[in-house]
Amino acid sequence: MTSHPFLGRTLGAVGCSAVLALSGCEFQPPTAPAETPAQSKSPAYPMKVEFLTFTATWCPHCRRVPALLERLRAAAPGVPFRAIDIDLPGNADLVKKFAPKGVPYTVLTLDGESFRTIRGLASYEDTKAVLDDAIATRDRVLATRDRVVGTGQ
């Protein structure tokens, strides 16, 4: 089940096969719509992909993260990339929400909800493949949503 404000409702309208194709999990309809009325009716409501990497200053592998993020920024200019130091008090809410299992730990989000994770330092190619998957999923969901919203369903 997803807590995403749009995925649950729209994918429920198009059927479980779309859910399985997009998320690899079973669909369970939400008990109440999570989106606001403006979001549920507006085809302009964007889905945001965000790339969060949890790091620590004491971690030797984390020292390679900035170079990786720079390469990824160049490959996906519309995606925000953030390195989050788990030891800084100002990041406690994000650390609690995403519960990194070590560092570095990367979370790709769709509208603030965890979509894919990478534990440890992955290669540029592997990380880019996960990022591309998140962007492609967002684009498929937006296309499905636009068809459903556009037909008045």
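The residues of the chain are indexed from 1 along the displayed sequence. Values in this document were obtained by computation on a predicted structure and should not be read as measured data.
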Is the shortest heavy-atom distance from the side chain of [X] to the side chain of [Y] under 4.5 Å?
X	Y	answer
Leu142	Met47	yes
Val95	Tyr105	no
Thr127	Phe51	yes
Val49	Thr109	no
Ile86	Phe54	yes

Using the rule that Ile, Leu, Val, Met, Phe, Trp and Tyr join whenever any side-chain heavy atoms are under 4.5 Å apart, tell me whether [X] and [Y] fall into a single cluster.
X	Y	result
Trp58	Ile84	yes
Ile118	Leu72	yes
Leu52	Leu131	no
Leu69	Phe98	no
Leu94	Phe81	no

Indicate the atoms forming the closest heavy-atom contact of [X] with [Y], along with that distance.
X	Y	answer
Leu121	His61	CD2-O, 3.7 Å
Leu110	Ala134	CD2-O, 4.1 Å
Ala122	Asp126	CB-CB, 4.3 Å
Arg116	Val130	CB-CG1, 3.7 Å

If the threshold is 4.0 Å, N to carboxylate O, is there a salt bridge linking Lys97 and Asp93? no

Whether Glu70 and Arg73 form a salt bridge (side-chain N of Lys/Arg under 4.0 Å from carboxylate O of Asp/Glu) is what I want to check. yes

Judged by atom type as modelled, is there a donor-acceptor pair below 3.5 Å linking the side chain of [X] to the main-chain atoms of [Y]?
X	Y	value
Arg138	Lys48	no
Asn91	Asp85	yes
Asp87	Ala56	no

CG of Asp139 to CD1 of Ile135: how many Å apart, nearest 0.5 Å? 7.5 Å

Under 3.5 Å, is there a donor-acceptor pair between the Thr106 and Thr53 side chains? yes

Is there a side-chain contact (heavy atoms from CB on, under 4.5 Å) between Leu108 and Thr117? Walk through the geometry before answering. CA-CA 6 Å; Leu108 278 94; Thr117 61; over 6 Å; no

Please confirm whether Arg71 makes a cation-pi placement over Tyr124, using NZ or CZ under 6.0 Å from the six-membered ring centre and within 45° of the ring normal. yes

